[in-house]
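See below for the structure under consideration.
The figures here come from the full heavy-atom set of this structure, side chains too, leaving out hydrogens, waters and symmetry mates. Numbers for residues simply follow the sequence, beginning at 1.
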Amino acid sequence: MAMPAAIGYSIVLLVVCLRPLKLPNLGVSFGDKVLHTLAYVVLAFLWYAAFIYQSKFNSRKALLWACVFSIFFGMVIEVFQEVFTTTRQADVMDVVANTVGVLFSAFLIMLKNRITS
């Protein structure tokens, strides 16, 4: 179940990021970066779960692959926004926010693994 969830979430994230979108106002100028961070916390967690439950990866290797995949995926989406849309553009700060989300997810996973070990 983890792999279909990770793939499905990735597809939804890709589609949402390539369509014109009116984001909710979070009351701060960097609200879209908060949403990017939260989206990538979830993305990295889902890919970690997919790798840990669907493969022979140990926890560290699953976490590494989940982080690498999630960060790369975010960069690819930014390139796609620049190349394939007229309403969206690439933003290096989106990549930073995505990466922060991935690293926060990794921190939470490592903390959980340390507590349950």
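- Remark: F80 engages F84 in a ring pair (Phe, Tyr, Trp, His ring centres under 6.0 Å) (not counting sequence neighbours).
- The hydrophobic cluster containing V42 does not contain M1, counting ILVMFWY residues as joined when their side-chain heavy atoms lie under 4.5 angstrom apart, directly or transitively.
- Using a 4.5 Å heavy-atom threshold, the side chains of C17 and Q81 count as touching.
- Neither F104 nor L35 shares a network with the other; the hydrophobic side chains, linked directly or stepwise wherever heavy atoms of I, L, V, M, F, W or Y lie under 4.5 Å apart, form separate groups for each.
- Residues forming a side chain to side chain contact (heavy atoms under 4.5 Å, CB included) with F69 (at least two apart in sequence, or on another chain): S10, W47, F73.
- Residues L108 and K112 fail the side-chain proximity criterion, which asks for heavy atoms closer than 4.5 Å.
- In this structure, the side chain of E82 does not engage the main chain of Q89 through any donor-acceptor pair within 3.5 Å.
- The nearest pair of heavy atoms linking H36 to N98 is ND1-OD1, 2.9 Å.
- Taking every heavy atom of both residues into account, L14 and I77 meet most closely at CD1-CG1, 3.8 Å.
- Rounding to the nearest 0.5 Å gives a distance of 6.5 Å between CG of L103 and OG1 of T99.
- Considering all non-hydrogen atoms of both residues, A66 and S70 come closest at O-OG, 2.8 Å.
- Looking at every heavy atom in both residues, S59 comes nearest to N113 through OG-ND2, 2.7 Å.
- Put simply, the side chain of T37 never gets that close to the backbone of G101: no donor and acceptor are under 3.5 Å apart.
- Nearest heavy atom pair, residue P20 against residue T87, reads CG-OG1, 3.6 Å.
- Screening L63, L64, L43 for a side-chain contact (heavy atoms from CB on, under 4.5 Å) involving Y48 leaves a single residue, L63.
- Clustering ILVMFWY residues whenever any of their side-chain heavy atoms sit less than 4.5 angstrom apart, transitively, puts L18 in the very cluster that holds I7.
- Nearest heavy atom pair, residue Y53 against residue A2, reads CD1-CB, 4.4 Å.
- No path of Ile, Leu, Val, Met, Phe, Trp and Tyr side chains, each step under 4.5 Å between heavy atoms, connects V34 with V41, placing them in separate hydrophobic clusters.
- Shown here is F45, whose CZ atom has no more than 12 heavy atoms of other residues, nucleotides or ligands within 6.0 Å.
- In this view, D91 and K33, E78, M93, D94 satisfy the side chain to side chain contact (heavy atoms under 4.5 Å, CB included) rule, not counting sequence neighbours.
- With hydrophobic clusters built from ILVMFWY side chains whose heavy atoms lie under 4.5 angstrom apart, Y40 shares a cluster with I11.
- Between the R88 side chain and the R19 main chain, a donor and an acceptor come within less than 3.5 Å of each other.
- With a 6.0 Å radius and a threshold of 12 heavy atoms from other residues, nucleotides or ligands, Y9 has its OH atom above the threshold.
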